[in-house]
Visitor: 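Before we start, here is the structure in question, set down as structure tokens.
Because only heavy atoms are used, hydrogens play no part in the values below, and waters and symmetry mates are left out as well, while side chains stay in.
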Amino acid sequence: MLAALLCCMASSAQKRLIVIDWDTRIPVDGANVVGKGLTVQTDSMGVIAVPDSCRSLLFSHVNYESRLVNIEEVRDTVYLLSKLLTLKEVVVVGQAPFKDDDRELNKRLRLPQKELELAAANPAGGVNILPLIKYLIPKKWRKNSKKERREQLKRAIEEY
């Protein structure tokens, strides 16, 4: 009976390894381990069982540098170096979309009305100079349309 037990243990001789992050000393979950006739992943505790028939193993993970290890040189722990050490800082800045209307443009550029009208003039399509003439005539000589409308409203109310 004892001989049968020893034979079973000898035939299933395995080495238990733990894969750990070098910097944080936290077990690496999901590391791929490839060897002769062996392809496994570490569990949540970073543990794998490797048969004695494997002499060398390749450890790889998306976030870590790949490492080829000779089994005879390892006792029970394999350390992996993080790839994140080589990344540089990235800064992302957002900006609200630009509204394309005259009021928003006026706020952003802070141009007076006269300059806005000049900027909007299209010389290729012919320039309408009537709106620009009001800047050439003194204000006291110009018609005040608001004042005229008020007077028309007063007259309409009185006649009613």
Visitor: State, to 0.1 Å, how close Gly46 and Pro27 come at their nearest heavy-atom pair, and which atoms those are.
Guide: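 Minimum heavy-atom separation between Gly46 and Pro27: N-CB, 3.9 Å.
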Visitor: Starting at CH2 of Trp22, measure out to CD of Glu65 and round the result to the nearest 0.5 Å.
Guide: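 It is 14.5 Å, given to the nearest 0.5 Å.
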Visitor: For the pair Leu57 and Ile71, evaluate side-chain contact (heavy atoms from CB on, under 4.5 Å) and give the outcome as yes or no after the intermediate values.
Guide: CA-CA 7 Å; Leu57 296 172; Ile71 284 292; 3.3 Å; yes
Visitor: Around atom CZ of Arg75, are there more than 12 heavy atoms of other residues, nucleotides or ligands at under 6.0 Å?
Guide: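 Atom CZ in Arg75 is not crowded, with 12 or fewer foreign heavy atoms closer than 6.0 Å.
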Visitor: Working to the nearest 0.5 Å, report the span between CD of Glu73 and OG of Ser56.
Guide: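 So the gap between those two atoms works out to 10.5 Å.
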Visitor: Kindly determine whether Ile20 and Val78 satisfy side-chain contact (heavy atoms from CB on, under 4.5 Å), including the steps that lead there.
Guide: CA-CA 6 Å; Ile20 295 180; Val78 176; over 6 Å; no
Visitor: Got a donor-acceptor contact below 3.5 angstrom from the Lys15 side chain to the Val74 backbone?
Guide: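 Yes, because the side chain of Lys15 sits within donor-acceptor range (under 3.5 Å) of the backbone of Val74.
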Visitor: Would Asp21 and Tyr79 count as having a side-chain donor-acceptor pair, cut-off 3.5 Å?
Guide: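 Checked: Asp21/Tyr79 side chains show no N/O donor-acceptor pair below 3.5 Å.
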Visitor: Would you say Leu81 and Tyr64 make side-chain contact, with heavy atoms under 4.5 Å?
Guide: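 The answer is no; the side chains never approach within 4.5 Å.
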Visitor: Applying the side chain to side chain contact (heavy atoms under 4.5 Å, CB included) criterion to Ile48, which one of Ile18, Thr42, Asp43 satisfies it?
Guide: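 Of all the options given, the one that passes is Thr42.
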Visitor: Go through the steps to decide whether Asp76 and Arg16 satisfy the test side-chain contact (heavy atoms from CB on, under 4.5 Å), and finish with yes or no.
Guide: CA-CA 6 Å; Asp76 62 349; Arg16 184 174 175 261; over 6 Å; no
Visitor: Keeping the roles fixed (side chain from Arg55, backbone from Asp52), state whether a donor-acceptor pair exists under 3.5 Å.
Guide: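 Answer holds: yes.
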Visitor: Would you list the atom pairs, donor with acceptor, under 3.5 Å between side chains in residues 28-38 and any protein atom, with sequence neighbours excluded?
Guide:
| unit_1 | atom_1 | unit_2 | atom_2 | d |
| --- | --- | --- | --- | --- |
| Asn32 | OD1 | Gln41 | NE2 | 2.9 |

Visitor: Could you walk me through whether Val91 and Val93 pass the side-chain contact (heavy atoms from CB on, under 4.5 Å) test, one step at a time?
Guide: CA-CA 7 Å; Val91 178; Val93 179; 4.1 Å; yes
Visitor: When clusters are formed by joining ILVMFWY residues with side-chain heavy atoms under 4.5 Å apart, either directly or through shared neighbours, do Val40 and Val69 land in the same one?
Guide: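 The answer is yes; both residues are in one hydrophobic cluster.
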